[in-house]
Amino acid sequence: MDLTFSDEELAFRDEARAWLRANVPKQPLESGDTAAGFAQHLEWEKQMFAERWSVVSWPEEYGGRGASLMEWLLFEEEYYLAGAPSRVTQNGIFLLAPAIFEYGTEEQKRRLLKPMAAAEQLWAQGWSEPGAGSDLASLRSTATKVEGGWKLNGQKTWCTRASFCDYMYGLFRSNPDLPRHKGLTYFMVPLTADGVTVRGFDRLDGDEGFAEVFLEDVFVPDRDILGEVDKGWYVAMSTTNSERGLSLRSPGRFIATADRLIGLYKDRDADDDQLRERVTRAWMEAQAYRLYTFQTATRLLDGKQIGYDASMNKVFWSEMDIRTHETALELLADEAELDEGRWMKGFQFALAGPIYAGTNEIQRNVIAERVLGLPRK
Ligand SMILES: Cc1cc2nc3c(=O)[nH]c(=O)nc-3n(C[C@H](O)[C@H](O)[C@H](O)COP(=O)(O)OP(=O)(O)OC[C@H]3O[C@@H](n4cnc5c(N)ncnc54)[C@H](O)[C@@H]3O)c2cc1C
């Protein structure tokens with residue numbers, strides 16, 4: 001791994017830094033998991049798109065800058081260091097788009113990518129169902145072939161921000177006679193279609209961050225299948241490793257949080273060896289995560305893939321995030337709850353890290369069986 005950046009990469013970083021410093025909203029936006037906050041975030045994301053900063057690593061024809069993987073990582077660092085808001089379009093741009101780039105037809109790419117980057121078409125993720133979370137392949141929502149398309153039926157749950165989105169992608173059982181992983185198809189569904197009911201509900205912190213989506217005989221045309229019929233599992237799984245290993249949580253986010261923690265420690269003038277040790281550890285962990293990510297990026301640039309070790313990455317960032325926030329709350333002591341919600345809210349969301357993107361228990365199973373080669377029982 002070579003950590004010397006090229007002149008081109010440094011010039012890109014400087015341009016991104018200058019733009020972000022000049023344009024990031026001065027006042028923090030409201031939570032993107034409320035209707036009002038979501039609208040504020042969209043305004044920001046649209047401004048980013050207008051100036052071609054919303055999807056820097058995508059080809060120019062879809063609104064990007066054709067930036068390299070290294071440049072994307074540098075952009076992410078600058079993004080969070082500038083205090084920019086979290087991305088409410090992430091389910092589209094970070095999770096669906098990579099699958100479209102890999103499996104989509106040219107027509108789908110032309111039709112879907114640009115409006116997604118522009119924050120005009122907003123996507124929710126519909127994997128989980130009541131009774132099918134960790135064991136996703138047990139899902140029961142169905143797709144039945146009809147003239148020109150498919151009829152979808154069933155229920156999806158825990159769909160992040162689906163109340164504020166216009167589309168959802170998800171897996172449906174298209175062939176009940178095949179083994180469970182094999183009869184699933186990946187569909188893209190307008191949430192405005194006849195037969196769709198979206199019911200929002202609150203998270204632990206009170207924001208309406210989740211929704212359940214009910215589907216009753218919802219017609220979806222053939223052109224809205226991603227990949228092949230009955231092979232949706234492989235489309236979905238191809239992107240989960242890049243989600244866990246790289247795209248969902250870039251190091252910039254944790255570096256910025258660790259820097260804020262150091263600022264908090266200094267502001268508090270805390271003279272406590274144990275807390276100082278924990279603050280230092282938080283900073284070192286964030287730096288270690290950064291270096292590990294550059295190593296992963298180097299591997300990808302050498303033509304290798306992200307494999308099952310992505311699970312180690314996911315366990316690491318999610319547990320690091322909780323520890324960093326716990327240290328902040330201890331520094332704030334009695335004032336933690338008065339902190340206008342920033343550290344407390346961050347802590348509450350960090351608690352979800354070991355659950356979403358595949359629970360950490362499941363990741364540990366993957367590490368044991370697939371990385372370490374331990375027996376299944
Ligand atoms: C903030 C947040 C956002 C989310 N956003 C979305 C979204 O947008 N779209 C979407 O589809 N889903 C979303 N989810 C849902 C998430 O993917 C599921 O919660 C997760 O996959 C776990 O499924 P479950 O909740 O059904 O728990 P279960 O699968 O029922 O698991 C319950 C517990 O049992 C453990 N467990 C289960 N099986 C095993 C096993 N074999 N070995 C060891 N332990 C096991 C789990 O680790 C967990 O601790 C989100 C969740 C959160 C918290």
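Whatever order the structure lists ligands and atoms in, that order sets their numbers, starting from 1. Only this structure's heavy atoms are used, side chains among them; waters, hydrogens and symmetry mates stay out. If you're wondering where the values come from, they're calculated on a predicted model, not measured in any experiment.
Of the candidates S128, G209, A124, G353, it is S128 that places a heavy atom closest to atom 15 (C) of ligand 1. The heavy atom nearest to atom 2 (C) of ligand 1, out of those in F349, W123, F210, is found in F210. Considering Y169, Y356, W158 only, the shortest heavy-atom separation from atom 7 (C) of ligand 1 involves W158. Taking each of G358, S134, A357, G131 in turn, the one with a heavy atom nearest to atom 31 (O) of ligand 1 proves to be S134.
Close approach of ligand 1 to I362 (heavy-atom distance below 4.0 Å) involves ligand atoms 38 (N), 39 (C), 40 (C), 41 (N). Less than 4.0 angstrom separates some heavy atom of E361 from each of these atoms of ligand 1: 43 (C), 44 (N), 46 (C), 47 (O), 49 (O). Under a 4.0 Å criterion applied to the non-hydrogen atoms of I355, ligand 1 contributes the atoms 19 (O), 20 (C), 53 (C). Proximity to T160 (heavy-atom distance under 4.0 Å) selects the following atoms of ligand 1: 3 (C), 4 (C), 5 (N), 6 (C), 7 (C), 8 (O). Each of the following atoms of ligand 1 lies closer than 4.0 Å to a heavy atom of A352: 1 (C), 53 (C). Which parts of ligand 1 touch N365 is read off a 4.0 Å heavy-atom cut-off, strictly below it: atoms 40 (C), 41 (N), 42 (N), 43 (C).
Contact annotation for atom 49 (O) of ligand 1: protein present (non-hydrogen atoms, distance under 4.0 Å). Per-atom contact check: atom 46 (C) of ligand 1 touches the protein, criterion being a heavy-atom distance below 4.0 Å. Protein heavy atoms are absent from the 4.0 Å sphere centred on atom 34 (O) of ligand 1.
A salt bridge does not link K314 to E361: none of the charged side-chain nitrogens sits closer than 4.0 Å to a carboxylate oxygen.
For CG of D7, the number of neighbouring non-hydrogen atoms (other residues, nucleotides, ligands) closer than 6.0 Å is 12 at most.
The distance criterion of under 3.5 Å between nitrogen or oxygen atoms is not met by D135 with respect to ligand 1.
For an aromatic pair to be called close, the ring centres must be under 6.0 Å apart, and W158 with F201 satisfies this. Aromatic rings of F349 and Y356 (six-membered ring for Trp) have centroids within the 6.0 Å cut-off, being under it.
With F12 as reference, R65 is the one residue of R65, R17, M70 to meet the side-chain contact (heavy atoms from CB on, under 4.5 Å) rule.
A distance of 5.0 Å separates CG in L226 from CE in M188, rounded to the nearest 0.5 Å. In this structure, OG1 on T257 lies 6.0 Å from CH2 on W343, to the nearest 0.5 angstrom.
Using the six-membered ring where Trp is involved, W44 and Y79 have ring planes that are tilted, between 30° and 60° apart.
Considering only non-hydrogen protein atoms, atom 21 (O) of ligand 1 sits nearest to G133 C, 3.8 Å. Of all protein heavy atoms, the one lying nearest to atom 9 (N) of ligand 1 is Q125 O, 2.8 Å.
Because its NZ or CZ atom is not both nearer than 6.0 Å to the ring centre of F172 and within 45° of the ring axis, K151 does not count as a cation-pi partner of that residue.
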| Test log, rule side-chain hydrogen bond (donor to acceptor under 3.5 Å, both in side chains), inputs E71 and S57 | CA-CA 8 Å; E71 287 170 340; S57 60; over 6 Å; no
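A donor-acceptor contact closer than 3.5 angstrom links the side chains of S318 and N360.
Heavy atoms of T359 found under 4.0 angstrom from ligand 1 belong exclusively to the side chain.
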